[in-house]
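Below, each value reflects all heavy atoms present in this structure, side chains not excepted, and no hydrogens, waters or symmetry copies. Residue numbering restarts at 1 for every chain, and letters A, B, ... go by the order of the sequence lines.
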Amino acid sequence: MTNLEKYINAFVESLEVAAEDVPALKYGESDQWDSVGHMSLIAALEDAFDIMVDMDDIIDLSSFEKGKEILAKYDVEI
Amino acid sequence: MLLLGKNALITGAARGIGAAMVEVFAREGANVWAFARKPDEAFEARCAETAQKYGVWIKPVYCELADTAAIKEAFRQVMADKQPLHVLVNNAGIMGEDRMFQMTSEQEMHRIFDVNFFAMIEVSRLATRLMARNRQGAVVNIASIAGIDGDSRLDYSASKAAVIAATKKMARELISVGIRVNALAPGFTDTDLVSGLSEKVVQEQTEKILMKRKARPEEIANVAAFMASDMASYVTGQVWRADGGILS
């Protein structure tokens, strides 16, 4: 599985959304990506890429695209 | 066995109530990540002996809880084990010198809060993210009756009151991912924390207790094991006193 596939899969599994809807997702703009979903998403990303996300980055991770930038800080290239 | 097959993380595991918890949790079938402040051969030997006695694993993890970076590093070790985390016991706590509130410095307040409250929050943040992956878990925060009654040192009492408030807030948020959060408020317990008290103070304290004695650490650990277990599956957001009977 590529990093992009793992990244999309983290959204699909934690937020229970369809893969095709993932790129347009923004925190707080869908029922699935609320604060509880956000916690599950962070856990799924940490699990998928074997990283530990810092608090500031958890707060900043507000969209699919922003998440890519943040993961790059942890040497995860999407 | 109350905790058979569970993996538990216990902070402040080297001494006092924490050491008793390691023993009790292992006795009840739990594997344990035993967080302690600094490397200690006697502690490691005790962990190995207890693990062998009960047929579980107990892994010492060293971490200075006042240092957020050290907490993260400790969790990297936990994550590296690739085992699910089911139970967190935030037990580590410190107590300052006995002073009137007018004599308690801001610096001393910060020192106590760094361990008793802020470290508890950081450990909980990281641990519950691990628990959320499995959408289940139990957190037991060790508070104190001082956090309810306010009859101890200002810094200690206030920090434990903060633990109780945080417990309720955490319980509200985390039940959505299947995590229960409760606080256990021990009374006068026979640990290092109270060993420096004068005979007069000990007498005054025990006089208030219906049982007229201090708690043994394992008596507190037994309650924590129950709260952490599935036997308490309908309990969250609560503060349980284990104080030998102190009635106002």
When the ring planes of A:W33 and A:Y27 are compared, do they come out parallel, tilted or perpendicular, using 30° and 60° as the limits?
perpendicular
Of the backbone (N, CA, C, O) and the side chain (C-beta and beyond), which part of A:E13 lies under 4.5 Å from a heavy atom of chain B, both, or neither?
neither
Between A:I58 and chain B, which part of the residue has a heavy atom less than 4.5 Å away: side chain, backbone, both or neither?
side chain
Under 4.5 Å from any heavy atom of chain A, what part of [X] do you find: side chain, backbone, both or neither?
{"X": "B:L174", "answer": "side chain"}
{"X": "B:R76", "answer": "both"}
{"X": "B:T68", "answer": "neither"}

Is any NZ, NE, NH1 or NH2 atom of the basic residue among B:E23 and B:R27 found under 4.0 Å from an Asp or Glu carboxylate oxygen of the other?
no
Hey, are B:R129 and A:D47 close enough for a salt bridge, meaning a charged N less than 4.0 Å from a carboxylate O?
no
Residues 32-48 of chain B: residues contacting chain A (heavy atom under 4.5 Å, by number)
none
Would you mind listing every ring-ring contact (aromatic ring centres under 6.0 Å, His included) that reaches into residues 51-78 of chain A, with sequence neighbours excluded?
A:Y7-A:F64, A:F11-A:F64
Given the rule in the side-chain contact (heavy atoms from CB on, under 4.5 Å) test, do B:M21 and B:I142 qualify, once you have shown the distances and angles that lead to the verdict?
CA-CA 11 Å; B:M21 281 180 186; B:I142 305 304; 3.5 Å; yes
Who passes side chain to side chain contact (heavy atoms under 4.5 Å, CB included) against B:R111, sequence neighbours left out?
B:I94, B:E108
Please name all residues satisfying side chain to side chain contact (heavy atoms under 4.5 Å, CB included) with A:T2, sequence neighbours left out, ordered by chain then number.
A:L4, A:E5
Just wondering, do A:L45 and A:L61 contact through their side chains at under 4.5 Å, heavy atoms?
yes
